[in-house]
Undergrad: 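I am attaching a structure below and will ask some questions about it afterwards.
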Amino acid sequence: MQISAAVINEVSGDFAIETVSLSEPTEHEVLVEIAGVGLCHTDLAVKEGHLPFPLPGVVGHEGSGTVVRVGSGVTKVAEGDRVAISFNSCGQCAHCGKGEPAYCHNFMAFNFGGGRPDGSSALTSGDTTLGGNFFGQSSLATHAIAHERNVVKVADDAPLELVGPLGCGIQTGAGAVLNSLDVAPGSSLVVVGAGSVGLAAVLAAVVREVGTIIVVEPHESRRELALSLGATHVVDPANGALSEQIRAIVPDGVDYAIDTTALLPVLDQILQALGVRGSLGLIGVPADPTATLPIGMMPTQLFGHTIRGIVEGDADPDTFIPHLLDLHRQGKFPFDKLITTMPFSQINEAVAVQHRGEAVKVVLVHE
């Protein structure tokens, strides 16, 4: 079928809305008509050449919509079902078997490989094969081929065009608090960066009834938003050393920290702000994939610090996305307050809006 998609033709080029061909779903695939798709930093990292992906290609990995057709072997969803689309996983490896698909042994191949596991692509433009299957979806388009494993059926009362970011960014931030670090009620937490991932962590910290929630963020409007969402304190990094500002609030140091920046000077300060038995969760992706984090071995051992990487909030989307939507239904997880919708045709302006900090999370919707 012919669809419209936002194609990346060259590194650092704008997205180009083009008519391309999308194949029919294979045995375990699902064709989804996209209602909305979040614009994520990872999509832009591919566009700027920071992550490997074959170009020309179509990215997009926070899609949501309605199932149009299913492959002959699909039993999980049916035509007409409303779904969020999350990251893909193999379902065969040890970690998938333990319900930890975010740490699938084949994560890179299934999400960044640019095609199906057999090497084919569902997307073509004339005689040109396009990179696709990005996070098992390539949903910056009017329609996407996803996989049975990475579609999650959502209730009829869910805000369909807004639920896509639950499949990645919002899931990552919330899961870091609720799953990865399992932040304790009444404890202290610092979140570095008030983008959609960081603010989702704030929302989850409120759900978990964390006692002190500190947000570090240079943009005043985002600091104000963080306070409105439940942060107890905000810190402007321009006002001095972060470790000193944080310890002015929690003199003994914080119990937990979540970093979304991957900036080494920031991380050094956050490590200095950790209290005894404090835990640091690393979510941010460094611009240089070879970057390393120097740590003081003696204080790390002496104070019992834990430093751990976090992928997708340690979430199993099949259970975690419905959990977040249930919290939203109860008024306890208002993730919609993080979202600004813009028309799909304005994708390049949306990139600029998000870059300028004028929107936390843009979701592109089809007119």
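What you are looking at is a predicted structure, and each value in this text was computed from that prediction instead of being measured. Side chains are part of it too, since the values below use all heavy atoms of this structure and drop only hydrogens, waters and symmetry mates. For the single chain, residues carry numbers from 1 onward in sequence order.
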Undergrad: When you compare the side chains of Ser86 and Asn150, does any donor N or O come within less than 3.5 Å of an acceptor on the partner?
TA: no

Undergrad: Whether the side chain of Asp268 engages the backbone of Pro265 through a donor-acceptor N/O pair (distance < 3.5 Å, no angle test) should be reported.
TA: no

Undergrad: Could you check whether any side-chain heavy atom of Leu166 comes within less than 4.5 Å of a side-chain heavy atom of Val152, counting everything from C-beta outward?
TA: no

Undergrad: Is it true that, when you exclude His50 itself, more than 12 heavy atoms of the residues, nucleotides or ligands shown sit nearer than 6.0 Å to its NE2?
TA: yes

Undergrad: Should His143 and Leu31 count as side-chain neighbours, where that means a heavy-atom distance under 4.5 Å?
TA: yes

Undergrad: So does Lys76 have more than 12 non-hydrogen atoms from other groups sitting under 6.0 Å from NZ?
TA: yes

Undergrad: So if you build clusters from Ile, Leu, Val, Met, Phe, Trp, Tyr with side-chain heavy-atom gaps below 4.5 Å, do Val285 and Val351 land together?
TA: no

Undergrad: Judged by modelled atom types alone, do Gln269 and Ser243 share a side-chain donor-acceptor pair under 3.5 Å?
TA: yes

Undergrad: Dump the intermediate steps for ring-ring contact (aromatic ring centres under 6.0 Å, His included) on His105 and His95, then the final yes or no.
TA: CA-CA 7 Å; His105 291 187; His95 283 284; 5.3 Å; yes

Undergrad: Mind checking the CG-OG spacing from Leu123 to Ser23? Nearest 0.5 Å is all I need.
TA: 7.5 Å

Undergrad: I need the single residue from Glu79, Glu29, Glu24 that forms a salt bridge (charged side-chain N to carboxylate O under 4.0 Å, His left out) with Arg69. Which is it?
TA: Glu24

Undergrad: Flag yes if Leu264 and Ile310 sit in one hydrophobic cluster, no otherwise; membership is Ile, Leu, Val, Met, Phe, Trp, Tyr, and two members link when side-chain heavy atoms are under 4.5 Å apart.
TA: no

Undergrad: So do the side chains of Met342 and Gln354 get within less than 4.5 Å of each other, counting heavy atoms only?
TA: no

Undergrad: Grouping I, L, V, M, F, W and Y whenever their side-chain heavy atoms are under 4.5 Å apart, do Leu44 and Phe87 come out in a common cluster?
TA: yes

Undergrad: Using 0.5 Å steps for rounding, measure from the CG atom of Leu189 to the CG atom of Asp255.
TA: 9.0 Å

Undergrad: Would one find more than 12 heavy atoms of other residues, nucleotides or ligands at under 6.0 Å from atom CD of Gln301?
TA: no

Undergrad: Which atom pair, heavy atoms only, marks the closest approach of Val37 to Ser139?
TA: CG2-OG, 3.5 Å

Undergrad: Can you tell me how far the CG atom of Asp43 sits from the CD atom of Glu48, to the nearest 0.5 Å?
TA: 12.0 Å

Undergrad: Show the nearest heavy-atom pair for residues Gln245 and Asn239, with the distance to one decimal.
TA: NE2-C, 3.5 Å

Undergrad: Determine yes or no for a side-chain-to-main-chain donor-acceptor pair under 3.5 angstrom, with Arg82 supplying the side chain and Val154 the backbone.
TA: no

Undergrad: Determine yes or no for a side-chain-to-main-chain donor-acceptor pair under 3.5 angstrom, with Thr172 supplying the side chain and Val197 the backbone.
TA: no

Undergrad: Is there a continuous path of hydrophobic side-chain contacts, each under 4.5 Å between heavy atoms, that joins Leu178 to Leu282?
TA: no

Undergrad: Check whether Arg247 reaches the backbone of Leu274 with its side chain - one donor and one acceptor, N or O, closer than 3.5 Å.
TA: yes

Undergrad: Is there a donor-acceptor pair closer than 3.5 Å between any side-chain N or O of Lys361 and the backbone N or O of Leu39?
TA: yes

Undergrad: Identify the two heavy atoms, one from Ala5 and one from Val20, that lie closest to each other, and give their separation to 0.1 Å.
TA: CB-CG2, 3.9 Å

Undergrad: So, do Ile17 and Phe344 sit near enough that their side-chain heavy atoms are less than 4.5 Å apart?
TA: yes

Undergrad: Side chain of Arg208, backbone of Val183: donor and acceptor closer than 3.5 Å?
TA: yes

Undergrad: Tell me if the CD atom of Glu349 is crowded by more than 12 foreign heavy atoms within 6.0 Å.
TA: yes

Undergrad: On a heavy-atom basis, which atom in Ala146 and which in Ile85 lie closest, and how many Å separate them?
TA: CB-CG2, 3.9 Å

Undergrad: Examine distances only and state if a side-chain atom of Thr142 and a backbone atom of Ile3 form a donor-acceptor pair shorter than 3.5 Å.
TA: no

Undergrad: Where the side chain of Ser64 meets the backbone of Val83, is there a donor-acceptor pair that is under 3.5 Å apart?
TA: no

Undergrad: Does CD in Glu358 sit with more than 12 non-hydrogen atoms of other residues, nucleotides or ligands closer than 6.0 Å?
TA: yes

Undergrad: If you count heavy atoms of other groups shown closer than 6.0 angstrom to CG of Asp118, is the number above 12?
TA: yes

Undergrad: Any chance you could measure Cys93, atom SG, to Glu100, atom CD, to the nearest 0.5 Å?
TA: 9.5 Å

Undergrad: Do the non-hydrogen side-chain atoms of Phe335 and Leu325 ever get within less than 4.5 Å of each other?
TA: yes

Undergrad: Does the side chain of Ser180 come within less than 4.5 Å of Arg308's, by heavy atoms?
TA: yes

Undergrad: Do the non-hydrogen side-chain atoms of Asn88 and Arg149 ever get within less than 4.5 Å of each other?
TA: yes

Undergrad: Any salt bridge between Glu209 and Lys332, counting N to O under 4.0 Å?
TA: no

Undergrad: Using a 3.5 Å distance criterion without hydrogens, assess whether the side chain of His323 forms a donor-acceptor pair with backbone atoms of Pro317.
TA: no

Undergrad: Can you tell me how the ring of His61 sits relative to the ring of Phe134, calling it parallel under 30°, perpendicular over 60° and tilted otherwise?
TA: perpendicular

Undergrad: Name the one of Leu199, Ile339, Thr340 that satisfies side-chain contact (heavy atoms from CB on, under 4.5 Å) with Val360?
TA: Leu199

Undergrad: Please answer: with hydrophobic residues joined when any side-chain heavy atoms are less than 4.5 Å apart, are Val250 and Tyr256 in the same cluster?
TA: no

Undergrad: Checking Ser21 against Gln2: is there a side-chain donor and acceptor pair closer than 3.5 Å?
TA: yes

Undergrad: Is there a side-chain contact between Leu203 and Val206 in this structure, where contact means two heavy atoms from C-beta onward sitting under 4.5 Å apart?
TA: no

Undergrad: For Arg277, is the CZ atom crowded, meaning more than 12 foreign heavy atoms sit under 6.0 Å from it?
TA: no

Undergrad: List the atom of Cys96, the atom of Gln92, and the distance in Å for their closest heavy-atom pair.
TA: CB-N, 4.1 Å

Undergrad: For the pair Glu217 (side chain) and Ala194 (backbone), establish whether a donor and an acceptor sit closer than 3.5 Å, ignoring hydrogens and angles.
TA: yes

Undergrad: What is the distance from atom OG of Ser196 to atom CD of Glu62, rounded to the nearest 0.5 Å?
TA: 6.5 Å

Undergrad: Can you tell me how far apart NZ (Lys153) and CD1 (Ile321) are? Round to the nearest 0.5 Å.
TA: 15.0 Å

Undergrad: Specify whether Phe112 and Phe135 have parallel, tilted or perpendicular ring planes, treating 30° as the upper limit for parallel and 60° as the lower limit for perpendicular.
TA: perpendicular

